[in-house]
J.: 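The structure follows.
Quick note on labels: first sequence line is chain A, next is B, and so on, each numbered from 1. Nothing here was measured: the structure is a model prediction, and the numbers come from that model.
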Protein chains: 4
Amino acid sequence: MNDQSRGFIDRTLRGFRRAWRLGGRDRVPEPGLPDGDAQRLRDKIDACLEARGGDVSARARAAELGEAYLALNADGRRRFLAILAREYGVDKNAVDAAIAERAAATRPVSRRIANAKLSRALVSPRIRLLSQFNGLDQGVKFLVDLRAELLRSAQTRPYLRPLDSELRQLLESWFDVGFLNLERITWETPASLLEKLIAYEAVHRIRSWDDLKNRLEADRRCYAFFHPNMPGEPLIFVEVALVTGISDNVQQLLDESAPAEDPDKADSAIFYSISNCQRGLAGISFGNFLIKQVADHIARRLPNIRNFVTLSPVPGFRRWLEARLASPDAGILTAAEARTLEAQAGAQSGDGGLKTLLADPDCMTNEKTASLLQPVLMRLCATYLTTARQDSRAEDRVAHFHLSNGARIERINWLADTSRRGIEQSFGMMVNYSYRLDQVERNHEAYTGDGTVIAASAVRKLLKT
Amino acid sequence: MNDQSRGFIDRTLRGFRRAWRLGGRDRVPEPGLPDGDAQRLRDKIDACLEARGGDVSARARAAELGEAYLALNADGRRRFLAILAREYGVDKNAVDAAIAERAAATRPVSRRIANAKLSRALVSPRIRLLSQFNGLDQGVKFLVDLRAELLRSAQTRPYLRPLDSELRQLLESWFDVGFLNLERITWETPASLLEKLIAYEAVHRIRSWDDLKNRLEADRRCYAFFHPNMPGEPLIFVEVALVTGISDNVQQLLDESAPAEDPDKADSAIFYSISNCQRGLAGISFGNFLIKQVADHIARRLPNIRNFVTLSPVPGFRRWLEARLASPDAGILTAAEARTLEAQAGAQSGDGGLKTLLADPDCMTNEKTASLLQPVLMRLCATYLTTARQDSRAEDRVAHFHLSNGARIERINWLADTSRRGIEQSFGMMVNYSYRLDQVERNHEAYTGDGTVIAASAVRKLLKT
Amino acid sequence: MNDQSRGFIDRTLRGFRRAWRLGGRDRVPEPGLPDGDAQRLRDKIDACLEARGGDVSARARAAELGEAYLALNADGRRRFLAILAREYGVDKNAVDAAIAERAAATRPVSRRIANAKLSRALVSPRIRLLSQFNGLDQGVKFLVDLRAELLRSAQTRPYLRPLDSELRQLLESWFDVGFLNLERITWETPASLLEKLIAYEAVHRIRSWDDLKNRLEADRRCYAFFHPNMPGEPLIFVEVALVTGISDNVQQLLDESAPAEDPDKADSAIFYSISNCQRGLAGISFGNFLIKQVADHIARRLPNIRNFVTLSPVPGFRRWLEARLASPDAGILTAAEARTLEAQAGAQSGDGGLKTLLADPDCMTNEKTASLLQPVLMRLCATYLTTARQDSRAEDRVAHFHLSNGARIERINWLADTSRRGIEQSFGMMVNYSYRLDQVERNHEAYTGDGTVIAASAVRKLLKT
Amino acid sequence: MNDQSRGFIDRTLRGFRRAWRLGGRDRVPEPGLPDGDAQRLRDKIDACLEARGGDVSARARAAELGEAYLALNADGRRRFLAILAREYGVDKNAVDAAIAERAAATRPVSRRIANAKLSRALVSPRIRLLSQFNGLDQGVKFLVDLRAELLRSAQTRPYLRPLDSELRQLLESWFDVGFLNLERITWETPASLLEKLIAYEAVHRIRSWDDLKNRLEADRRCYAFFHPNMPGEPLIFVEVALVTGISDNVQQLLDESAPAEDPDKADSAIFYSISNCQRGLAGISFGNFLIKQVADHIARRLPNIRNFVTLSPVPGFRRWLEARLASPDAGILTAAEARTLEAQAGAQSGDGGLKTLLADPDCMTNEKTASLLQPVLMRLCATYLTTARQDSRAEDRVAHFHLSNGARIERINWLADTSRRGIEQSFGMMVNYSYRLDQVERNHEAYTGDGTVIAASAVRKLLKT
C-alpha cells in the first residue's frame, strides 16, 4: 500500500456512506437513468458478480454500485430495479442443466454433489449481488430501504415481485431473531434513537417529547429489537405499562399528568403499543418473539408482576359489523336486543334499530344511547373475535397476531379508546390478550390446528347473552 | 405467565448455558447413548423440527437438545452425529417431487414457485435443526465446537462428511465477513480474552504473559475478528510490529528485552503472525480480509507507515527439498554449486554434496557450512516458492495464501527464524510477502488466472544465479 | 451481618435517594419545623458530628439528616439553615485557645503543631457536617441545591451569609477544575441530559427539541463540564458554530432551516452561548477554563479552524448610554455627529438629537434613522467597552469576563442580535471577543495589571472617528 | 489561537505525561540539581504560585514544573523536596499579622473576615503549589508517587516531615471515601489492571496468572477502590471467598486445583486478603469502608450469604511471645501446661519447656509436639489478642484494625496458614474477625471507648483454660 492507494478502502466506502447519508435529500435531480447509463450500471453489476466473494475489492465494487443507485432519482431507481428484475433472475438453463446432472447421478455421493450444485443454481445472480452489501457500513440498512422502495413500486409493477420475494427471503435469513439484540429504551437513551420512536410509533401517536418522556417513566418499559449491522435503528418496539389491575382504558395510560406508580408494587404488565419500524422488513415477523422475550425479561426483574396482558385495538370490528348490517338478512340481534334498541331508535327496520342508532355520529357520546348499545356491541365484538374468519384465520388482523402467538382473549373493554380512531375502528372497544407462558404453546396449537379461539370465561359469557 | 411458568425461558436456556460452560470438563462419564436414549434423542430432534421457526418454544426445544448433546460422552456424541448424518439428510423423494413439479411448470410464475419449493427441498432437516441454535446464548459457539468434533470424527468416518459439508456451508453464511467486527486487542483487553490468544497462537508460541505483553507494546498492533453472537471469542487474529525497515528476523521481533520503538516514526508494518482460533470454522477463510482491513486501519491512523509486509514461514520447503534429493536424478544444483558444496562435503554423490551437508544436524550452526549453503538454499527456496505446484496452486500453503490474496514475494531472509521449528521447516528462512493495495487485485488475478507468481526483482535475481 | 441488618446501608441511603429524587415535588406539606422537631434535628446534627469521619455509620447518619431536610417545606428548611448559621459556626473559644497555644509555641516544631491545630479550629462544625455529604449518592448535588436555596434566603437574611460563604468555599474546593471532566454533547447524548440544556440555556433560549437538534448538527459543537460525583448534571456548557469567516449575526447561527456546513472546510469556531447550570455554584468560575479547553480540543481535531472567537451580547451598553444621556452635560457626541442626528431628529437638544431619536421605539427598524445611528452607536459602544469602568473592572460584565480571560475585542457587529432582548440591551449590537492562546496570558496581565483593554485595530479605529 | 500556538496546552501537558510515563526507567542520568538549576526550579515554583488558580496557564506551569522534577535523578529530587520543605512552608509573619488582625477584630463580621484570612495564611505556599497538580492528566498519581519518595527520604531527614504531613492532609482531602468508586474486579478486567493486583498483593503473594485467575473464579469476589483522577490505579483491594462454613485454612482457599463452589449455595463470605496499593497514601485509611461496602454489596446480591468474616494473620504473636519468654519471670504457663510441656521437652526451665520446644524448628511439623503445643499456643494467642496493648490499642496491628472497625474476634484457627511466613508470625494460627453490621457500631465504641475487646464465646473459653 503506497501513498497513492492509502485509504483506498476507506475512500470508496466513504463515498457510499456519504451518498447513503444524504439519501434523497440533497440530491441534484438526475435524469432517470438514460440508456447509456443503464449499460454502465449493468457493467458495474457484472463486475460485482465476478468479484471474489468476501474480498475487499468485492466490497469496494458493491459500494460503487450502491453509490450509483443512491445518486439516481425515483425514476432511475425504478429502472435499476427493473434491470435486476428482468435480467438477473435465476438462470433457467443452469437450473435445467443441474437437474439433468442430478437425474444422471445414481450413487449417493454424486447425488449429493448434484444437489449442492442445483441449490447454487437456484440462487439468482441478483441475490448474490445484493448479498455483498452486508459487508458495507450501512449496507444492510441500504438493502432494507431499497426493499421499501421496491415494495412501493411493485404494487403497480408485478414484474418486480419475484425480485421482492427473493430479497425478502434474503433479509429473513439475515434478520433471524437469533441474531437480534433486545434492548431496553429509557429516557437515558440517545435522543437520535428516541426521535425514531416518535417517527415510527404506529398505534398511539407520540405527540411530543413530553408525551414520549411520559411513556418512559419509572412505571413504564420500552424494548426494541436491533440488528448488529444496523446499530441505532430499531426494528420493532413495544411499550409496556406496569400497573395494578389489568388496564381497560388507553387514554389513562397515555395521560401525561397521571403520577408514576411504583413498579415494585404493580401486578400487571400491559403491552399497549407495538410498532414495526422498517417498511423494508414487511412480512418478516418479530412481534411474537418480542412480546415473549420482554415478558420473560420483566418477570425475572419484577417478581411481583403476574399478568402479561395487551391492551389492543380491534381494527376490523366496525367494518365487519357494517358489512353485516348492509346485507339484507343480517339477523345479528337477539329478539330482546332488537326490542330495546328499536324502542330507542324509534325505527322498525330489519336490523332491530342498530343501524339507525349507529348512523348517529353522536351515538357514543349520547349516554343513554351508549348504555343501550354497550351490551349489544360487546356481544357482537366477542362474536366477531371468536368466529369471524378469513382463510381459516381470525378476520381481525390484531386478533390473528395474538391468537397465533398463543395468547387468549381475556377481556373486551367498553370505552377503552375514545379517540376518533378508536371510535371509527371499534366504537371505542379494546381487547386484552393475555400471555401465560405455560399455556401459549397449547393455545397456539389449538388455534393453528383446528382454528379454536381460546377466550376467558368473561368473554365466553358475553356470547351466551 | 404465572408463578409456575415464571422464568421458563430463562430456566431452559440456563440449563443449556450451564451444560455448555461445563463442556466436557466436569462431566460424569455417561454411557455412549444406548438405544433407548437414542430414540429419545430422535424424539427431541423431531420436536425441534416441528416447532415454529423463530418461536420461543422452538428455542427452548433446541436448548434441550443441545443440553442432551452436551451431557453425552465422546462415544455418545459420535452416535448422535451418526443419527443426524444417516437419518436427517436431504429427503430424496421430496427433491424428486419438486423436480417433477418444476418440469411441469411452464409459465414463468409457476416455474418460479417451483424453483422456490425445490430450493427448500434441497435443505436437509438437519440443517434446519442446527440453524435453530443461532437463537441460543452460546448457540453459535456450540455449533462451531460441534463441528470441530465432527471434523475429528469424520477423518475416519466418511459417512459424516456430507453432514460436515452442510454445516460448513451454514457456518459460512453466518460468518460472512460482512457480519464480523474488527477489534484491536491491547494490554487493556480483558484477561479472559488475552488468555485465548495465548491458547490459539499457532505460528510463534506465546510462552508467558510477559511474552504476550511484549507483543502488545506501544510499537505493536494486534487485531481480531469477532462475530456478534460469539462475544469474547476471537475467530482469527494477527500480530503486527511497527518498525523501521522491513524485518528480516522473527526472534528480534519477539525479543522481550528490546525497547519499544516510537510508532510515529516507524515506516513498516510487519505482519508476523496470523492464527485461526476456531477449529470448527476450518475451511472458512478470514485471513485475506483481515490483513487488508488491518492494513487500511493502520494506514489511516499512522500515515508514516508505507510498507505492509509479512514475515512468514515457508512450512513446506525442507520437505520439498528432501523429496527432490531423495529422487535419483535430482539435478537441482548448478555445476558451480555442486563443486563448492562437494568440496566442503568431501563427497562425490549425485546431489553435489547437498544431501550430505544437510544430513549434518549442525549444518546451520557450523558457520562455514552455513555460509556455503546460504546462496544455494536461498536460490532453491526462490525456485520452490515460484515454481512448485500442487493442483495449479503454489505447493507451499503459506505462499498460496498470500499469493491468492494478491501479495507479492518481496524478499527471502536467511537465518530469519532460528528456532527448532524454523530450521526444521525451512532451514531458518522466512519470506516477506508485500501487500500494496493498488496492486493486489492485479496480482490476485495473475495468480488465480494463469498461475503467475509475482515476485520482487531481488527474488527473481536469486533464480538467475 | 445477619438478616436483620441486611442491606442496612442500602436501606438508609435509599431513603435519602428517594427523598432527594422526589425533591419538593410530591411532598406532603409539612409544618415548618416546630420546636420539638428542631431539637430532634439538632440531635441528628450532633450525632453526625460525633461520628467517625469516613465511616459507614457516619454516612448513614448524614443520609438521615439529609432525608429530614428534604422532608421539610420552605419554612422548615429556612429554620434548619438558621440553626446551622447561628449555632454551628466557628467556635470562638476554640480559636482563641489555639491562638494562645500558638503564641506560647517557640520552637518551629511546636509552632507547626499549633498552626495545624489552629487551622482545624477555624473550620466550623457546620462545614465538617456538610462535608460528610460527599459520600452519599447524590450528596454533592444535594449540597449544591441546598446552597441555591440558601442563596435565595440569604438575600433578605444577612445572618445566613457567613454560612453561604463557607459553603461556597467548600464547594469551590470540590469543584476545582482539576476534578472536572470535559464532555462533548451531541444528538447521540441521552435525552435526560439534553433536556437539561434546554432548561439551563441562559443566553439564547432553546425553543424546542428541533432548535436543540439544530445546535448539535455536524457543523456545531457543544461541550460541558461534569463533576464525577454529579453524573448527568452539567455544570456549564458552551455552544460553538463552525463557520467560514467570523459570524456577525446570531439569528443566522440559530436559523434551523440553514443547511449544515462542512466542518472540515470551516475556518472559525464561534462561541455563541455559554451558560452556567447550577445556581448553587454561583461565584465559582468555570467559563474561562471551559473556553480554552474547548478551543484546544477543537484545534487538535480540526486543524483547519484558525479563529476562536465569541459572538457575545453587550448587556450593559444601553443602560450605560441612557444614564449618560440623562445627565445634564453629556457631551458624548462629536460636533459632526450632533449635526447629522439633529437634522434627522429635528431637535435642538444638548444631546445632539440622539436622545430624541432613541426615544422612538422604531428607531432601529426605520432604515434611514438606523443608518444614521449606526456610526454613532458603534463608536459609543467601542467607547463603552474600552473605557467604562466599575471598581477598576470593565463595567460590562460580559466584557469583563472575556477580557480577564485574556481575550481581545475583535469586532463590534451592527444588527447582530435583532431579538427584543438584543435591541433592549445594546441596540442589537454584539461583540466578537477573540481568543489567541499565544496572547491570552499577555492580554490577561495587561488587563488585570493596569486595566488596559486590548482591542483589534478595527475597534480602535471606531474610537478615533 | 493561531498556527504557532496550536495545541499549546496539549504540547505542554504531553511533555509532562511523557515524562511521567517514562518515570525513572529510561531517564538519562542527570546531575543532582546543581545550584544554577536549583535557582531555575525556584523560578518555576514562583511562576506557578503567581499564576491565577484554575487557569490554563497555571496548569501549563505546573506541568512544566512536574516535568522538571521527573527529569531529576534521586539526588536531585531530594534537593527539590528540601527546597520545598525549607523555603515554602507557612509564612510565619503572615500568620502573625493575621492573628494580630483577628485580635483587633471586635465585631462578629470583622472577626469572621479575620478568621478566613487567618485560615488562608495557615496554608503553606508549597501546598498551594502542589494542589495545582490535580488538574493535570496523571497529576494526582504524580503527587501520590512524589509522596512515596518523600516518605522514603523523610525516614532519615526529619526536616522533610512537615512537608509530608501537609501533603498527607492534602491527599486525605482528595481521597475522601466519598469521592472513591468501588469496582468489582474479575477475570474480564483488563490485564493492565490485573497485573497491578499481582504487584500489590501484600498478604498472600500471587504467584502467577493462574493463581490470580483462581482468585477470580465464580466463587470468589474481588473489589477495589478507585479515584476518578487515577483511573486504572487501584487504591486498595480485598479478596473474598464465598464458601460454606467459616474457613479455617488459607491454603485451602488458595488451592488452584480445588473446584469452584456454587456462590448461590454458599453461606459465608471470607475476606482473606486486603492490600493497600499506593505507598504514597500511607496513613490514609480505606480498609474499614471497603470491607463494609463490599459486605453490603455482596449481601444485596447474594441473600444466601449470612456470615461476613475475615481470615486474618496474627503478625505480632510470635514476636510478643518470644519477648515474654525472654524475660526472666515470664510465668505465662499454667501449672498443668508446664507439666505437660516439660515432659515432652525433657527440660526443667522456668518457662515450663515452652521455650525449649519452640526452639526446635520442627516443632510444628512434629505431630506429637504440635498436638501438645496446640492448646497452649491457642490460649496464649487468645490472651495476646484480647489483652496485649500498645498505647491503649491492641498490640497486634491487624487485630487493632478490625477491632476499631467494630468487628469481633470470632475464632482462632490452628494450622490455618502453614506457609513459612505463617509459622514465623504466629505458629500458623489465623483469626476470623466477624463483621455483623448491626453490632459494629456498638463494638467500635466499646473498643475505642474503654478498650474493651469483643470476642465470641469460643475465644473467651480459650482464656479460661
J.: Roughly how far apart are D:Ile198 CD1 and B:Trp209 CH2, rounded to 0.5 Å?
T.: 8.5 Å
J.: Can you name the closest pair of heavy atoms from B:Pro190 and D:Glu188 and give their distance?
T.: CB-O, 2.8 Å
J.: Just checking, is any N or O donor in the side chain of B:Trp187 or D:Glu195 under 3.5 Å from an acceptor N or O on the other one?
T.: yes
